Amino acid sequence: MPDVAMRVLKDEQDPLDWVGMRDIRLPMKFCDGEEVRSAPSTVQLYVNLRDPRAKGIHMSRLYVLLDQKAADRPLSPQSIASFLQQMLDSHQDFSSQALVEFSSEQHLRRNALVSDHSGWNNYPVSVRGEHVNEVTHVDMQFTVHYSSTCPASAALARQSIQHQFDQDFGSVGTVSASRVRHWLGTDEGIVATPHGQRSSACIVVRLNPDLNEFPLTHLIDKVEEALATPVQTAVKRVDEQEFALLNGQNTMFCEDAGRRLKSCLNEESEVMDFLVRVEHYESLHAHNAVCMVTKGVSDGFRASP
């Protein structure tokens, strides 16, 4: 049967940066620490076309390699680096660069804050491998959703409550503790509350290609601990009360969240570089507040809007 992709062009043509496939859907296994997780995944994979006389690449070769990979050992930085080399080996006369990216949602069981309940939280995750200019990079991206209470709004709410207290008790003189306690439990006493918003931290970490597992759950745990107010799953009233306490004790601008996450990720020895994008979906404004920060590695990630 004729193989049109193998046809040698009469005239030399310009090289192409990337040629391949995207939106390939298949189940993949994923090494998360000592656990192996499975999830439906969407994949894109490419090689460059540097041969000026080659009509095209062999997409079927790449697809077959990917299908074999899905049935083979689970994804890890090490296995992705190996897969990139297999892609190049299948196009050794055509290509010098390779790229593959797997995107999925990983589900983690999360305990309630106080009660004995638990539920599943989902985290968008993608892992990307690139072999460019003889260098291999393996990056993992994940997103954590959390609640952020505005420090400025909290201060203004406290001031409004103080003003209301002066209006209600300013002429009374001494006020009993029981009366104040009752007043604090009324709508008339707590006349203002700070505004909060659901927020997200999208984090990309660059990992050593020799690692045999992804530190996904470990990093999610560290990030949620640093932020202190991750979104919850199963919630009873005692959990909601604890969540309100955590929000009141951890007010933060997007800048505060960015600094917390930079400090947190700097402690992780397996993270060679990182890019953090924090976004607070404002409830006061119609626009969002955004902060971006990197590790600051030479020739590493750039925090570019």
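Treat the numbers as computed from the prediction; the structure is a model and nothing was measured.
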Does any non-hydrogen side-chain atom of [Y] lie less than 4.5 Å from one of [X]?
X      : Y      : answer
Phe274 : Glu268 : no
Arg73  : Ser82  : yes
His131 : Glu134 : yes
Arg128 : Gln141 : no
Thr233 : Trp120 : no
Glu101 : Ser103 : yes

Interatomic spacing from [atom1] in [X] to [atom2] in [Y] - rounded to 0.5 Å:
X      : Y      : atom1 : atom2 : value
Ile80  : Leu211 : CD1   : CG    : 11.0 Å
Arg50  : Leu16  : CZ    : CG    : 13.5 Å
Asn208 : Met272 : CG    : CE    : 5.5 Å
Leu219 : Glu270 : CG    : CD    : 5.5 Å
Ser38  : Phe30  : OG    : CZ    : 11.5 Å
Leu45  : Lys69  : CG    : NZ    : 13.0 Å

Applying a strict under-4.5 Å side-chain criterion to I, L, V, M, F, W and Y, I'd like to know whether [X] and [Y] cluster together.
X      : Y      : answer
Leu62  : Val64  : no
Ile190 : Leu245 : no
Val125 : Met28  : yes
Leu26  : Leu84  : yes
Phe214 : Val205 : yes

If only atom types and distance count, is the side chain of [X] paired as donor or acceptor with the main-chain N or O of [Y] below 3.5 Å?
X      : Y      : value
Asn121 : Leu108 : no
Ser76  : Glu213 : no
Ser90  : Met87  : yes

Checklist entry - Who else is in Leu88's hydrophobic cluster (ILVMFWY, side-chain heavy atoms under 4.5 Å, direct or via others)? => result none
Next on the checklist: Let's go through Thr229 and Asn250 carefully: what are the C-alpha distance in whole Å and the side-chain angles of both, what is the deciding distance for side-chain hydrogen bond (donor to acceptor under 3.5 Å, both in side chains) to 0.1 Å, and is it a yes or a no?
Outcome noted: CA-CA 8 Å; Thr229 52; Asn250 290 280; over 6 Å; no
Next on the checklist: Assess the residue pair His195 and Leu156 against the criterion (side-chain contact (heavy atoms from CB on, under 4.5 Å)); give the C-alpha distance rounded to whole Å, side-chain angles, the decisive distance to 0.1 Å, and a yes or no.
Outcome noted: CA-CA 10 Å; His195 73 83; Leu156 293 170; over 6 Å; no
Taking all non-hydrogen atoms of both residues, which atom of [X] and which atom of [Y] are closest, and how far apart?
X      : Y      : result
Ala201 : Tyr146 : N-CE2, 3.8 Å
Asn48  : Ser96  : OD1-N, 2.8 Å
Ala257 : Val278 : CB-CG1, 4.0 Å
Ala157 : Thr193 : CB-C, 3.8 Å
Gly258 : Cys291 : CA-SG, 4.1 Å
Ala39  : Glu105 : CB-O, 3.8 Å

Next on the checklist: ring-ring contact (aromatic ring centres under 6.0 Å, His included) for His287 and Tyr281? Distances and angles first, verdict last.
Outcome noted: CA-CA 7 Å; His287 54 261; Tyr281 305 101; over 10 Å; no
Checklist entry - Under the side-chain hydrogen bond (donor to acceptor under 3.5 Å, both in side chains) criterion, do Ser148 and Gln197 qualify, and how do the steps go? => result CA-CA 6 Å; Ser148 60; Gln197 50 266 323; 3.0 Å; yes
Next on the checklist: Whether Asp139 and Arg206 form a salt bridge (side-chain N of Lys/Arg under 4.0 Å from carboxylate O of Asp/Glu) is what I want to check.
Outcome noted: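 Answer for the salt bridge query: yes.
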Next on the checklist: One thing to verify: whether Glu224 and Arg110 come together as a salt bridge, which I'm taking to mean a side-chain N less than 4.0 angstrom from a carboxylate O.
Outcome noted: yes
Next on the checklist: Apply side-chain hydrogen bond (donor to acceptor under 3.5 Å, both in side chains) to residues Asp210 and Gln78 and explain how you reach the verdict.
Outcome noted: CA-CA 5 Å; Asp210 293 331; Gln78 190 178 75; 5.3 Å; no
Next on the checklist: Would you say the ring centers of Phe94 and His58 fall short of 6.0 Å from each other?
Outcome noted: yes
Item to check | Chi angles and distances behind the side-chain hydrogen bond (donor to acceptor under 3.5 Å, both in side chains) call for Ser104, Gln106 | outcome: CA-CA 6 Å; Ser104 65; Gln106 297 294 330; 3.2 Å; yes
Item to check | side chain to side chain donor-acceptor pair (under 3.5 Å) partners of residues 293-305, not counting sequence neighbours, each pair once | outcome: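 Pairs touching residues 293-305 that pass the test: Asn266-Lys295.
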